[in-house]
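For reference, the structure discussed in these notes is given below.
Chain letters run A, B, ... following the sequence lines, proteins first, then strands; residues in each count from 1.
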2 protein chains.
Amino acid sequence: MNTTRAEENYLKAIYRLTKTKKQVILPNLIAEKVQVNPASVVDMIKKLVRKELISYSRKEGAKLTDTGQRIALNIVRSHRLWEVFLVEKLEYSWSEIHVIAEQLEHIKHPDLVDKLDSFLDFPSFDPHGDPIPDKMGAYPISKKIFLSTLSIGAECKVISVSDDNTDFLNYLEKLGISIGTKIKILEKNAFDDSLSLQIEKKNIITVSRKFADSLYVI
Amino acid sequence: MNTTRAEENYLKAIYRLTKTKKQVILPNLIAEKVQVNPASVVDMIKKLVRKELISYSRKEGAKLTDTGQRIALNIVRSHRLWEVFLVEKLEYSWSEIHVIAEQLEHIKHPDLVDKLDSFLDFPSFDPHGDPIPDKMGAYPISKKIFLSTLSIGAECKVISVSDDNTDFLNYLEKLGISIGTKIKILEKNAFDDSLSLQIEKKNIITVSRKFADSLYVI
DNA sequence: CCAATTAATTAGACAAGCCTAATTAAATAA
DNA sequence: TTATTTAATTAGGCTTGTCTAATTAATTGG
């Protein structure tokens, strides 16, 4: 199946929305993810249905077909492998790699992704802690929990980040939080669900619920 | 300056034509290089003139401005570095890398190319033997001569290939010719300028003038 | 159950890049 | 120097992916 860059971005968005939100995937949701007008999404949905990459109805929303799923998964795999490459080989920092990988993920050539995988020695997780599906599409197992689900006094280690937003990643860097950082929950504020955290037994910071919902820990 | 992929491909084509042919660069020539209809070239020429990336007149043809030159050179640099990456790190063969590098060369991010350059340890030549300009745009010096200019009895070593055509590269692979291959000129046929060659003191083959014009040796 | 709001859809446009089919200009040969 | 040929240009169209401004359908609060 031949897919354009735009099509691939929509498929990826639908794939990721299916994984995170359990809701029905409707145009508005996709529009926000792809950063595009809802009317454009409706057009693209028609195109993807025509190409049998998704199914769509107002009731069921957009759902990937097997082919669509396969393509989306390959893009995700490619994206995450390139992120590993950028950090481990080119020495990019955590917060810069996403935008570059968004371009690299669309490079097409038989075996390219597999050769990259092999060159990187088959990593299981990308620098954000997200799992990298293998050649067959299988994900490595991992038991991630949200920082926001822990109770007061709990100590944990950051293993992943659920957000690709550059501002968020920059904010994390500024706070000195990255994969492996140890965090202790000091307080939970019932009023606005904000949390007080101690980072690496040193600085104490306060973060929002939204923040705590975007960090995976173990 | 923000450039689209298409614009970059035209700039690259003009750049390379300026280097090889000494003629005036007119639409037909560009059209053949970019594999596009001459009418499309005329459109694009207008656009590039508007953006001050080239100048154009029927008499003088297309010429890169300083900005245009800078952009084209960066694309060439990027292309050749990615080719080194594909061969040295991903273990691609010689003949496959061009099409992939044509995609990779357009990936944009500050420092990406320089980081790649550094990761590859600042190579001077790509796998086809073409020189890689450095960060400042300076080319490494090299004294390449065409196979076709040698006389009978001469022995030489392949250092570069002037053609990105996949068929040609496949043909070379089939003949067992790559960078470093030793070649002896046995005969030159005055009728059609074809040559008899001995490869690595073994097989004897006959090749066309066009072929001999596409191999650089030393 | 109806009015108000929100979300999906349609209609109509537009920019980029490409095309084909004229048309115009230049170069060449007779 | 005129006719022929070749090359550049213009005109008009098409596709992709986007937009804005209606319009239609659903949902929800009163």
Report the distance from atom CG of L116(B) to atom NE2 of H109(B), rounding to the nearest 0.5 Å. 13.5 Å
In whole Å, what is the span from the CG atom of N28(A) to the P atom of dT5(C)? 18 Å
Establish, with yes or no, whether the OP1 or OP2 oxygen of dG17(D) is under 4.0 angstrom from a side-chain nitrogen or oxygen of S40(A). no
Counting only side-chain N and O atoms of T4(A), is one of them less than 4.0 Å from OP1 or OP2 of dT16(D)? no
Nearest-nucleotide comparison on DNA chain C, the residue closer to the 5′ end among P27(A) and Q35(B): P27(A)
From CG of L29(A) across to P of dA8(C) the rounded distance in Å is 9 Å
Checking all strands, does A6(A) fall into the base, sugar-phosphate, or nothing category for heavy-atom contacts under 4.0 angstrom? sugar-phosphate
Tell me the interatomic distance from K59(A), atom NZ, to dA8(C), atom P, rounded to whole angstroms. 15 Å
Distance check: side-chain N/O of K47(B) vs OP1/OP2 of dA16(C), anything under 4.0 Å? no
Tell me the interatomic distance from L11(A), atom CG, to dG17(D), atom P, rounded to whole angstroms. 11 Å
Whole-Å distance separating the CG atom of L26(B) from the C1' atom of dA25(C): 13 Å
Report yes if at least one side-chain N or O of K46(A) is closer than 4.0 Å to OP1 or OP2 of dT10(C); otherwise report no. yes
Taken to the nearest whole Å, CD/E7(A) to C1'/dT16(D) is 9 Å
Looking at E173(B), I'd like to know if its CD atom is crowded, meaning that more than 12 non-hydrogen atoms belonging to other residues, nucleotides or ligands lie closer than 6.0 Å. yes
Of dT20(D), dT9(D), dG17(D), the nucleotide closest to the side chain of M44(A) is dG17(D)
Using a cut-off of 4.0 Å on non-hydrogen atoms, how would the nucleic acid contact of V36(A) be classed: base, sugar-phosphate, or nothing? sugar-phosphate
So N37(A), base contact, sugar-phosphate only, or nothing? Heavy-atom distance under 4.0 Å. base
Roughly how many Å is it from CD1 in I45(A) to P in dT10(C), rounded to a whole number? 11 Å
Side chain to side chain donor-acceptor pair (under 3.5 Å) with E105(A): which of K12(A), R5(A), R77(A)? K12(A)
Side-chain N,O (Y10(B)) to OP1/OP2 (dA16(C)) below 4.0 Å: no
Report the distance from atom CZ of R58(A) to atom P of dA7(C), rounded to the nearest whole Å. 12 Å
State whether the side chain of Q35(A) and the backbone N or O of E32(A) hold a donor-acceptor pair below 3.5 Å, judged by distance alone. yes
Carboxylate-amine/guanidinium contact K47(B) E7(B), below 4.0 Å: yes
